[in-house]
Colleague: 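My questions all concern the structure below.
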Amino acid sequence: MKARINDIDLAYSDEGQGPPVVFLHAFPLNRTMWAPQVAALSDRYRVVTIDLRGHGESDAPMWRYTLDQFAEDVSGLLEHLGIARATFVGLSMGGYILFTLYRTHPELFHALVLADTRATADTPDARAARFSMAQVAYRRGASAIAELMLSKLLSPAACEHRTDLRDQLRTIITGNQVSGIVGDLMAMEERPDATPLLSTISVPTLVLAGEEDLASPPEEVEGMAKQIPGATFVRIPQAGHLSNMENPAAFNAALLSFLTSVERGDS
Ligand code: MLT
């Protein structure tokens, strides 16, 4: 489905009925990365997955992208869907956007799930690497980005043996336009440090980390979780950065147990 939000067509899926759960994908993927979670949740929850601007079936305008703009797109889509409050799940860049959305629209949050993400801003080296990656995208296209990203997104074992995941990720990444990939890189490069926000988060929060995540090491993610009042931290075994895709059984078990405790009011 598509909706006209902030002057672009934003693609999304809206499946099931029940308390709304909204999923924000990682860089440089799209909403199909959440297929295992949609399958596990949509018999009990209203599950909304979004192709952020610049990704998948959404428009990818050639212009400046910011985390604030991504957050405004999400809040605009929720208004369009008549959702006043939701549980949000964001992985990596999806988490960066949720920090921004929490800062600008805290009233939208019923609960929060952060996976394989970090609150800190980019270091000078990381910022320089964004610039280099943007040049690769511009010169050699999305397929070159897919080859660069696979070893960051998957655990070493999955990168070697899971041809299904590698093929799926190549298809997702090469389906994105260069304008969107470069836009993401600029938005992430200039993101502010969200660490001061952590102690102000007052909704139930679950933090997940793939045990073999090379992009956001689990020790760092756990350190972030400790700064969020009352947050629960769970390590996902046998999973790299895309912990929801590599070990959906463990990811979904942690997510469902958290959602159930939130609905019961004991989280
Ligand atoms: C992601 O998975 O969204 C990226 O690893 C985020 C980043 O590059 O900082």
Side-chain angles (χ1 to χ4, degrees), residues 23-34 37 49-56 58 60 65-67 69-71 73-74 88-101 113-137 142 144-156 158-159 165-166 168-170 172-176 178 180-195 207-218 220-221 223-224 236 239-247 251:
F23 287 85
L24 301 188
H25 62 73
F27 164 83
L29 303 186
N30 67 33
R31 71 192 197 276
T32 63
M33 71 168 261
W34 297 115
Q37 287 66 50
T49 56
I50 305 171
D51 280 350
L52 296 163
R53 72 168 54 215
H55 303 78
S58 288
Y65 288 50
T66 64
L67 293 185
Q69 180 68 74
F70 285 126
D73 290 345
V74 173
F88 291 90
V89 184
L91 192 143
S92 199
M93 185 180 76
Y96 305 161
I97 297 167
L98 289 181
F99 290 132
T100 304
L101 187 67
V113 182
L114 298 164
D116 302 281
T117 194
R118 56 161 56 90
T120 49
D122 275 2
T123 61
D125 282 354
R127 297 178 79 179
R130 302 278 190 212
F131 180 77
S132 301
M133 193 181 278
Q135 301 312 306
V136 171
I145 299 299
E147 294 317 313
L148 276 182
M149 288 302 295
L150 287 180
S151 60
K152 296 184 183 167
L153 296 173
L154 296 172
S155 67
C159 209
L165 277 183
R166 282 207 314 263
Q168 188 186 355
L169 289 173
R170 278 199 187 96
I172 292 176
I173 296 172
T174 55
N176 289 328
V178 167
I181 293 173
V182 172
D184 284 350
L185 290 165
M186 287 193 280
M188 292 191 287
E189 180 269 342
E190 66 166 20
R191 76 185 190 285
D193 181 11
T195 310
V207 180
L208 302 169
E211 215 160 52
E212 296 165 60
D213 185 344
L214 304 173
S216 335
E220 210 182 301
V221 181
M224 179 187 78
I236 306 298
H241 191 53
L242 297 176
S243 54
N244 73 305
M245 294 177 82
E246 247 188 74
N247 192 345
F251 189 100

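No hydrogens, no waters, no symmetry mates; every other heavy atom, side chains included, goes into these values. Both ligands and their constituent atoms are indexed starting at 1 by order of listing.
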Colleague: Go through ligand 1 atom by atom and flag the ones less than 4.0 Å from a non-hydrogen atom of M93.
Modeller: 1 (C), 3 (O)

Colleague: Give the atoms of ligand 1, by number and element, whose distance to some non-hydrogen atom of A26 is under 4.0 Å.
Modeller: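 The atoms of ligand 1 under 4.0 Å from a heavy atom of A26 are 1 (C), 2 (O), 3 (O).
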
Colleague: At what distance is the nearest protein heavy atom to atom 8 (O) of ligand 1, and which residue and atom is it?
Modeller: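 Its nearest protein heavy-atom neighbour is R130 NH1, 2.7 Å.
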
Colleague: What closest approach, in Å, do G54 and A60 show between heavy atoms, and which atom pair accounts for it?
Modeller: CA-CB, 3.5 Å

Colleague: Going by atom types only, do D125 and T123 share a side-chain donor-acceptor pair under 3.5 Å?
Modeller: no

Colleague: To the nearest 0.1 Å, how far is atom 9 (O) of ligand 1 from its closest protein heavy atom, and which atom is that?
Modeller: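 For atom 9 (O) of ligand 1, the nearest protein heavy atom comes out as Y96 OH, 2.5 Å.
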
Colleague: Are any of the N/O atoms in H241 less than 3.5 Å from those in ligand 1?
Modeller: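 Yes - when backbone and side-chain N and O of H241 are compared with those of ligand 1, one distance drops under 3.5 Å.
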
Colleague: Within the 4.0 Å heavy-atom shell around F27, which atoms of ligand 1 are there?
Modeller: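 Under 4.0 Å from F27, ligand 1 has these atoms: 1 (C), 2 (O), 3 (O).
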
Colleague: When you measure from the heavy atoms of H25 to every atom of ligand 1, does any distance fall below 4.0 Å?
Modeller: no

Colleague: Give a yes or no answer on whether the side chain of D116 reaches the backbone of D213 with a donor-acceptor pair at less than 3.5 Å.
Modeller: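 Side chain of D116 to backbone of D213, a donor-acceptor pair under 3.5 Å: no, none is there.
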
Colleague: Please write down residue, atom name and distance for the protein heavy atom closest to atom 1 (C) of ligand 1.
Modeller: S92 OG, 2.8 Å

Colleague: Could you check whether any side-chain N or O of R118 sits under 3.5 Å from a backbone N or O of A215, counting only pairs where one atom can act as donor and the other as acceptor?
Modeller: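 Yes: the side chain of R118 pairs with the backbone of A215.
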
Colleague: Is L153 close to ligand 1, meaning an N/O of one under 3.5 Å from an N/O of the other?
Modeller: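 No, no N or O pair falls under 3.5 Å.
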
Colleague: Quick one: are F27 and L185 in side-chain contact, heavy atoms under 4.5 Å?
Modeller: yes

Colleague: Is it the side chain (CB and beyond), the backbone, both or neither of K152 that lies under 4.0 Å from ligand 1, heavy atoms counted?
Modeller: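 The answer is neither.
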
Colleague: Can you find an N or O of A215 that's nearer than 3.5 Å to an N or O of ligand 1?
Modeller: no

Colleague: So, E190 and R127, do they make that salt bridge, N to O below 4.0 Å?
Modeller: no

Colleague: Test your reading of the model: is there a side-chain donor-acceptor pair from N244 to the backbone of M33, 3.5 Å cut-off?
Modeller: yes

Colleague: Between M149 and ligand 1, find which residue part has any heavy-atom pair under 4.0 Å and reply side chain, backbone, both or neither.
Modeller: neither

Colleague: So, do D184 and L52 sit near enough that their side-chain heavy atoms are less than 4.5 Å apart?
Modeller: no

